Amino acid sequence: MKYVKKLRVAASTALLFTVCMLAPDKSSAEVVDYTGGVKNENTYEEYVFITGQPIKFTGSNKDINVTIKEDDKKVTETYKLTLTGPKGEKLTRNFSYISNVTNHESVGQKTFIGDVTKFTEKITVGDITYTLDDYQLSKSTVKDVRPASDYYTGNANMRKTYTYSEGRGRNNTEKTILVEMDSRSEGYENFWGASETQIVEQTITFGDGKVGSVKTNVSSRKSRTTNYEKNNATLSSFEGGYMLVSAANMLSSSYYQLPKATGTVELDKDYMSRIERLIIPKFRDLSSSWAKGNIEKLYSLGIFEDASNMFSPNTPMQRYDFAVAIGKAIDLRVLAEESKKKASTTSVFKDVRKTEKDYNYLQTAFNKGVIHGTTPETFNPDGNLTRQQAAAILVRALGMDTRAPDPNYSTNYADDDRIDDYARDGVYIVTELGLMAGDGDNFKPKDKLTRAQAAAIIDRFLEYLEADLKQSFSDDILFLN
């Protein structure tokens, strides 16, 4: 039976994930300000168009200081840069933005509304210095905080006024350049990867009254992929194993139509990838299993744990084991976070002891609305997981349950009438996303999932969190714009 669809879009050939966090820091997955600049761990670059020609400015990390501080009520962003151009041009910049945060807990969202609170900027080209005389900014972002990923979108309007002197002596004149910008951004962030795409459109009114425009697309991406590497030593105790590769990159493309020039300039910076070898599975009952690769990958990543060398791929998947695996797939930080909090004295379910291995993952998945009990007080941890239960859990984890059609719809499956109401949205969405598929014309909602089938579904779920989201929030947006 076929339970996992092929990807609908081209994506990276490997997966992302691990127990350890080796990727570049969070800031590496965020677009830097509204300038179209790109960076890696060593260098920052951006193009400036204020002279009517594109000038590439560059600085090392010691010349760049970007800090972002966030709490429940406020986000403070500070940008300090000192950059140089190819002919000795110099740029100094110091901006601060403050955004007020409103937490809409009832719908699981946050809104951010902010403006610029401090600004200084000077750009020296030859014997002319352009000084930022006024900077107006209005920006707002909404973030949908979902269990598996945070999704956000934002807009900003900006107006910058630069002054400069041209000529000498009696011919000296004070001139003004007005730069008006409109920006929109889309992004997501989860434990396994992140992507942000920003589109900035500028209109520049130069000192002589002529007008030009610049459209800049910026994409910043972070990912973790797992690659299988075969062992070349024939007498080794293992045939091969998985290696985690953590990477990030930023790219920018600007199309400019200026009075003196028209063209396109591009910037691209990669972070050095980081690698980590993962533990090697040694199950003895997978040689004939169609899901051998899925199972071994999840075991290497710590999604599955088993002291035995038998996985039993054809036995039914239990509800507790699946819930814990999804909890780990969503966010492995849960154990560290929960240990800092005051422990609850009672279990979230009467039939699950708090001393049960990996209980914190179950508790967090329950608190985030990912899993439900079979009754308000019981979970039936040893019960066999059904296909419709798995579909409902996956969609709740993604926060996509509201993307189903209006109530009273039917799925396209011939056995639609066998799907329970609580799982209908889940079955519809997992089919649309390619996370699960039917068996012919039927979904078979109440069939039990084997451990092999569950492994393939979780593997596909992890792939969606990195490859599909990255495609949607980066390549697709850039292509359409």
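Here, residue 1 is the first one in the sequence, and each next residue gets the next number. Just so it is clear, the structure is predicted and the values come from calculations on it, not from any experiment.
- For Tyr409 and Tyr428, the ring centers sit closer than 6.0 Å to each other.
- A donor-acceptor pair under 3.5 Å is formed between the side chain of Asp415 and the backbone N or O of Lys444.
- Between Phe95 and Asp33, the closest side-chain pair of non-hydrogen atoms falls below 4.5 Å.
- Electrostatic pairing of Arg277 and Glu229 counts as a salt bridge here, judged by a charged N lying under 4.0 Å from a carboxylate O.
- You'll find the side chain of Leu137 reaches within 4.5 Å of the side chain of Met158, heavy atoms only.
- Salt bridge Asp321/Lys357: absent, no basic N to carboxylate O contact under 4.0 Å.
- Although no hydrogens or angles enter the test, the distance criterion places a donor-acceptor pair under 3.5 Å between the side chain of Asn190 and the main chain of Trp192.
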- [ ] Test side-chain hydrogen bond (donor to acceptor under 3.5 Å, both in side chains) on Glu46 and Tyr44 and set out the steps.
- [x] CA-CA 7 Å; Glu46 73 171 73; Tyr44 173 84; 2.6 Å; yes
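- Between Lys39 and Glu45 there is no salt bridge, since no side-chain nitrogen of the basic residue lies less than 4.0 Å from a carboxylate oxygen of the acidic one.
- Nearest heavy-atom pair, Ala329 versus Leu462, reported as atom, atom and distance to 0.1 Å: CB-CD2, 3.3 Å.
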Open item on the list: One pair to check against salt bridge (Lys or Arg N to Asp or Glu O under 4.0 Å): Lys110 and Asp144. What are the steps and the verdict?
Closed with: CA-CA 7 Å; Lys110 293 181 179 181; Asp144 197 19; over 6 Å; no
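- Under the side-chain contact (heavy atoms from CB on, under 4.5 Å) criterion, Ser289 pairs with Leu286, Ala291, Ile295, Pro313, Ala452, not counting sequence neighbours.
- Two residues are said to be in side-chain contact when any heavy atoms from C-beta on lie closer than 4.5 Å; Met250 and Asp268 fail this criterion.
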Open item on the list: Using the rule given for salt bridge (Lys or Arg N to Asp or Glu O under 4.0 Å), can you reason through Asp401 versus Arg396, listing the C-alpha separation, both sets of side-chain angles and the distance that settles it, and then say yes or no?
Closed with: CA-CA 6 Å; Asp401 42 308; Arg396 291 191 211 113; over 6 Å; no
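- Contact between Val348 and Tyr359 at its shortest, heavy atoms only, is N-OH, 3.0 Å.
- Remark: side-chain polar atoms of Gln453 are paired, donor with acceptor, to backbone N or O of Thr450 under 3.5 angstrom.
- A donor-acceptor pair shorter than 3.5 Å can be found between the side chains of Asp416 and Thr411.
- Of all heavy-atom pairs spanning Ala454 and Met317, the tightest one is CB-CE, 3.6 Å.
- Salt-bridge formation is not detected for the pair Arg387/Asp447: no Lys NZ or Arg NE/NH1/NH2 atom is positioned less than 4.0 Å from an Asp or Glu carboxylate oxygen.
- Judged purely by atom type and a 3.5 angstrom limit, Ser213 has no side-chain atom pairing as donor or acceptor with the backbone of Thr203.
- Each ring-ring contact (aromatic ring centres under 6.0 Å, His included) pair with one or both residues in residues 371-404, not counting sequence neighbours, appears once here: Phe349-Phe379.
- Of all the heavy atoms in Ile458 and Ala325, the pair that sits closest is CD1-CB, 3.7 Å.
- With hydrogens and angles disregarded, no donor-acceptor distance shorter than 3.5 Å links the side chain of Ser96 to the backbone of Thr117.
- A heavy-atom distance below 4.5 Å is not found between the side chains of Thr35 and Tyr79.
- In this structure, Leu362 and Ile371 have side chains that are in contact, with non-hydrogen atoms separated by less than 4.5 Å.
- Across Arg146 and Val107, no two heavy atoms sit closer than the pair NH2-O, 3.5 Å.
- Distance OG/Ser254 to CG/Leu267: 7.0 Å, rounded to 0.5 Å.
- Donor-acceptor pairing under 3.5 Å is recorded for the side chains of Tyr413 and Thr431.
- Looking at Thr315, its side chain does come within 3.5 Å of a backbone N or O of Ser312 through a donor-acceptor pair.
- Remark: Glu201 CD is packed, more than 12 non-hydrogen atoms of other residues, nucleotides or ligands lying under 6.0 Å away.
- Ring orientation note: the planes of Phe304 and Phe311 are tilted relative to one another, at an angle of 30° to 60°.
- Considering only heavy atoms from C-beta on, Tyr242 stays 4.5 Å or farther from Ile279 through its side chain.
- In this structure, Arg159 forms no cation-pi arrangement with Tyr135, as its terminal cationic atom is not both closer than 6.0 Å to the ring centre and no more than 45° off the ring axis.
- For the pair Lys73 and Asp71, the salt-bridge criterion is not met [side-chain N within less than 4.0 Å of a carboxylate O].
- Residues Gln198 and Ser183 are in side-chain contact: their nearest non-hydrogen atoms beyond the backbone lie under 4.5 Å apart.
- Under the 3.5 Å distance criterion, the side-chain polar atoms of Arg424 are matched with a main-chain donor or acceptor of Ile419.
- Other residues, nucleotides and ligands contribute only 12 or fewer heavy atoms inside 6.0 Å of the CG atom of Asn412.
- By the salt bridge (Lys or Arg N to Asp or Glu O under 4.0 Å) test, Arg418 is found to be paired with no residue, residues two or more places apart in sequence or in another chain being considered.
- Here the shortest heavy-atom pairing between Asn309 and Lys282 reads CB-O, 3.5 Å.
- Between Tyr152 and Glu196, the side chains place a donor N or O and an acceptor N or O closer than 3.5 Å (distance only, hydrogens not considered).
- Checking Gln388 against Asp420 by side-chain atom types alone, a donor-acceptor pair falls below 3.5 Å.
- Under the 3.5 Å distance criterion, with hydrogens and angles disregarded, no donor-acceptor pair is assigned to the side chains of Thr374 and Asn380.
- Residues Thr197 and Ser185 form no side-chain contact, since every pair of their non-hydrogen atoms from C-beta on lies 4.5 Å or further apart.
- Judged by distance alone, the side chain of Thr375 and the main-chain N or O of Glu377 form a donor-acceptor pair under 3.5 Å.
- Side chain of Asn227 to backbone of Met243: no donor-acceptor contact under 3.5 angstrom is found.
- Taking a 6.0 Å sphere around NZ of Lys446, one finds it holds more than 12 heavy atoms contributed by other residues, nucleotides or ligands.
- Gln389 places a side-chain N or O within donor-acceptor distance of the main-chain N or O of Thr386, the cut-off being under 3.5 Å.
- Ion pairing of Glu77 with Lys69 is absent here, as no side-chain N (NZ or NE/NH1/NH2) approaches a carboxylate O to less than 4.0 Å.
- A side-chain contact (heavy atoms from CB on, under 4.5 Å) with Val142 holds for exactly one of Thr102, Thr111, Ile113, Asn155; it is Thr111.
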